[in-house]
Q: 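I have a structure I would like to understand better, so I am pasting it below and will then ask my questions one at a time.
Remember, predicted model here, so these are calculated numbers, not experimental data.
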Amino acid sequence: MPRYWLFKTEPHAFSFERLKKDGTTPWSGVRNFQARNNMVEMRLGDLGLFYHSSIAEPAAMGICKVVKEAYPDFTAFEKGGEYYDPRSTPGKPMWQMVDVAFVEEFAHPVTLARMRADPRLVGMDLLKKGYRLSVQPVMPHEWKIVLELSK
DNA sequence: GCCAACGTTGGC
DNA sequence: GCCAACGTTGGC
């Protein structure tokens, strides 16, 4: 049984269209411990909702899957880079990432408003006030409902 | 652009 | 180890 996750991104930084085009990408740049820990828990074949945030209509755009389990986030080693963190070294990496691959684009993106409007999704992390994690777990029943809303 | 919420940092 | 200050996130 795969587990389910949600990957949040600002589309101008990295969009679902880009994943569709590239096929796969390292989910680099996560600098939050809880989000990192979630990635460490991921296993090959786990599935994720790909979510666009910080835009007029935030929405889950489609599905991706984990194709490489957690390994050190090399962007933390890149001096001068946007994601450089001197506390993380190749010998003792602090930050991890997984690789995700494009699986499916939703016929209808499931907007944040649409999810909020569905009473069955009331406990979903994404909808909780102040919950900002960029990598979140998604419960199987929530996954099923979001897919249903995307049809 | 505002601002609530929350994680992180650092002084003590 | 507490907690105030600070920075970031992200919906609106």
Q: Under 4.0 Å between any heavy atoms, over every strand shown, what does A:R87 touch: base, sugar-phosphate, or nothing? Just pick one.
A: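 Sugar-phosphate, backbone atoms only, no base.
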Q: Could you list the protein-to-nucleotides 4-7 of chain C atom pairs, N/O on both sides, closer than 3.5 Å?
A:
none

Q: Check the pair A:F74, A:M97 against side-chain contact (heavy atoms from CB on, under 4.5 Å), reporting the backbone distance first and the verdict last.
A: CA-CA 9 Å; A:F74 55 78; A:M97 61 190 178; 3.1 Å; yes
Q: What is the separation between atom CD on A:Q34 and atom C1' on C:dT8, rounded to the nearest whole Å?
A: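 Atom CD in A:Q34 sits about 15 Å away from atom C1' in C:dT8.
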Q: Rounded to the nearest angstrom, tell me the gap between atom CG in A:L133 and atom P in C:dT8.
A: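 It works out to 17 Å between those atoms.
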Q: Hey, does A:F33 reach any base, or is it just sugar-phosphate, or nothing, if we go heavy atoms under 4.0 Å?
A: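 The residue A:F33 makes sugar-phosphate contact but no base contact.
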Q: So A:D125 and A:K128, salt bridge (Lys or Arg N to Asp or Glu O under 4.0 Å) or not? Walk me through it.
A: CA-CA 5 Å; A:D125 280 352; A:K128 288 180 189 162; 2.8 Å; yes
Q: Can you measure A:Y51 atom OH to C:dT9 atom C1' for me and round it to whole angstrom units?
A: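 In whole Å, C:dT9 C1' lies 12 Å from A:Y51 OH.
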Q: Parallel, tilted or perpendicular for A:Y4 and A:W143, by the 30°/60° rule?
A: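 Aromatic pair A:Y4/A:W143 classed parallel.
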Q: What is the distance, to the nearest angstrom, from the NZ atom on A:K129 to the P atom on C:dG11?
A: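 Distance, rounded to whole Å: 15 Å.
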Q: Under a 3.5 Å cutoff, is there a donor and acceptor pairing between the side chains of A:R31 and A:T75?
A: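 The criterion, which ignores hydrogens and geometry beyond distance, is satisfied for A:T75 and A:R31.
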Q: Just the rounded figure in Å: distance from P of C:dT9 to NE2 of A:H12.
A: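 Atom NE2 in A:H12 sits about 11 Å away from atom P in C:dT9.
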Q: Under 4.0 Å between a side-chain N or O of A:R31 and OP1 or OP2 of B:dT9?
A: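 No, outside the criterion.
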Q: Judged by modelled atom types alone, do A:D85 and A:W95 share a side-chain donor-acceptor pair under 3.5 Å?
A: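 Looking only at side-chain atoms, A:W95 and A:D85 do form a donor-acceptor pair, the distance falling under 3.5 Å.
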Q: Return the value, rounded to whole Å, for the distance between atom CZ of A:R116 and atom C1' of C:dG10.
A: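 Value for this atom pair: 11 Å.
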Q: Which residue in the set A:M39, A:E41, A:Q136, A:K65 passes side chain to side chain contact (heavy atoms under 4.5 Å, CB included) when paired with A:W5?
A: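 For A:W5, the side chain to side chain contact (heavy atoms under 4.5 Å, CB included) check succeeds only for A:E41.
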Q: How many whole angstroms separate atom CD of A:E82 from atom P of C:dT8?
A: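 Taking CD of A:E82 and P of C:dT8, I get 11 Å after rounding.
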Q: Should the pair A:F50 and A:W27 be assigned to parallel (<30°), tilted (30 to 60°) or perpendicular (>60°) ring geometry?
A: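 Answer is perpendicular, since the angle exceeds 60°.
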Q: For A:D125 and C:dT9, give me the distance from atom CG to atom C1', rounded to whole Å.
A: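 Computing the A:D125:CG to C:dT9:C1' distance gives 16 Å.
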